[in-house]
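One structure is given below, encoded as structure tokens.
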Amino acid sequence: MINFTVGPVQSSEDIRNIGYEQVPYFRTEEFSKTMKENEKLMLKFSKAPSNSRTIFITGSGTASMEAVVMNCFTEKDKVLVINGGSFGQRFSELCDIFQIPHDDIKLEVGKALKKEELYKYDNQGYTGLLVNVHETSTGVHYDIEMISDFCKKNNIFLVVDAISSFLADDFDMATLGVDVMITGSQKALACPPGISIIVLSPNAISRVENNKVKTMYFDLKSALKNGERGQTPFTPAVGILRQINVRLKEIENSGGVEAETKKIKELAEDFRNKIKGMPFEMVSESMSNAVTALHPTTVSANKIFLILKDEYQIWVCPNGGNLKDKIFRVGHIGDLTKEDNSKLVDAFNDLIKRGIM
Ligand SMILES: *Cc1c(COP(=O)(O)O)cnc(C)c1O
């Protein structure tokens, strides 16, 4: 099988081997050391400002999105949500659930956020902005520098879901003035699903400390306190945190976050070059290196997904809902190579030869 989905993605052999080992007991010096290394490398790779902190939540990416909405905002906030697909919609629904006053900037499928659309909300008392920097459902990568300038100008607390963009696209929390960055284990970190990660700036830490939350599991105050000694309040996904440790050190030892991003970018460009002239339209105006979203012009997108899976053992990523027949996505994150890209392109050519596409 070759896995071009957007998560869980392919893991390296070293990561998979840890999955085979016994899971150790975790209230130990050794596990605390692992966690402290994890925190340190996450702060380094996200380029977080000094005195930032990292929290590891046992739960998928959405668990951290929910925890952040609960811990960083109250009914007194006025939040702007960039809603350009199913992940933006998720932030909007979380604000509904926790009664955080919010307005959505709704974008059409594949459309980038334009400056004039954003600046309609200038000087209107917004206190927070939620954005999925890469809206994975459509492959759109938003102009985060433009969003950052807007937030700095309006003194807005900026939360960035970088779950599918972390490591794949350049990102500098400190320079951009990002208060919270969220990511997850099963995207470019290329580990199994089950852990999501929240990086909090000092400003975000003080929001968390001053907010009274009605939750036990998602109380980030207690996560911060336990994290001081490299521990978590409850039993975490110990095995995945050990895999994350190996993966972060692997990135560190092979040139750091810049080298990793470059590798993913080259894979994406290689794929995009190889499919030139094929019956596909690019869906998004502005793409992340993590994913290429394609609209096949001659056949249903879902049919391509099914045939590739069943007859070629190649997995691309289907879309759901009303995009099911229109769009499928090809990921460039995880343990993939340019040879893997060629195998996928060969399969596309075969579909053309068979008259399917
Ligand atoms: C994958 C992803 C998530 C998290 O989804 P989970 O299924 O909860 O892990 C959130 N936001 C974006 C942009 C994603 O790509």
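The first residue in the sequence is number 1, and the count goes up from there. Atoms within each ligand, like the ligands themselves, are counted from 1 in listed order. All heavy atoms count here, side chains included; hydrogens, waters and symmetry mates do not.
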Ring-face cation of Lys343 near Phe348 (centre distance under 6.0 Å, axis angle within 45°): no
Polar side-chain atom of Ser222 near backbone of Pro233 as donor-acceptor pair, under 3.5 Å: no
Contact check: Gln186 vs ligand 1, nitrogen or oxygen atoms, below 3.5 angstrom: yes
Tyr126 ring center within less than 6.0 Å of Phe150 ring center: no
Subset of ligand 1 atoms that lie under 4.0 Å from at least one heavy atom of His134: 13 (C)
Pick from Thr136, Thr62, Val131: the one approaching atom 15 (O) of ligand 1 most closely through a non-hydrogen atom: Thr136
Salt bridge Glu209-Lys221, side-chain N to carboxylate O under 4.0 Å: no
salt_bridge(Lys111, Glu135) N-O dist < 4.0 Å: no
Atoms in ligand 1 with a heavy atom of Gly61 nearer than 4.0 Å: 4 (C), 6 (P), 8 (O), 9 (O)
Nearest protein heavy atom with distance in Å, relative to atom 7 (O) of ligand 1: Ser60 OG, 4.0 Å
Heavy atom of the protein closest to atom 1 (C) of ligand 1 (residue, atom name, distance): Lys187 NZ, 1.4 Å
Atoms of ligand 1, numbered as shown, that sit under 4.0 Å from any heavy atom of Ser164: 15 (O)
Nearest-contact summary for atom 3 (C) of ligand 1 - protein heavy atom, Å: Phe87 CE2, 3.4 Å
Ligand-residue contact atoms, ligand 1 with Arg90, heavy atoms, under 4.0 Å: 5 (O), 8 (O)
Check ion pair Asp149-Lys115 (N to O, under 4.0 angstrom): no
Note: Glu260-Arg247 ion pair, threshold 4.0 Å (strictly below): yes
Nitrogen or oxygen atoms of Asn132 and ligand 1 under 3.5 Å apart: no
Salt-bridge present (Glu116, Lys120; N to O < 4.0 Å): no
Residue-ligand contact Met65/ligand 1, heavy atom below 4.0 Å: yes
Shortest protein contact, atom 11 (N) of ligand 1 (heavy atom only): Asp161 OD2, 2.6 Å
Side chain, backbone, both or neither: the part of Glu135 lying under 4.0 Å from ligand 1 by heavy atom: neither
Salt bridge Glu269-Lys265, side-chain N to carboxylate O under 4.0 Å: yes
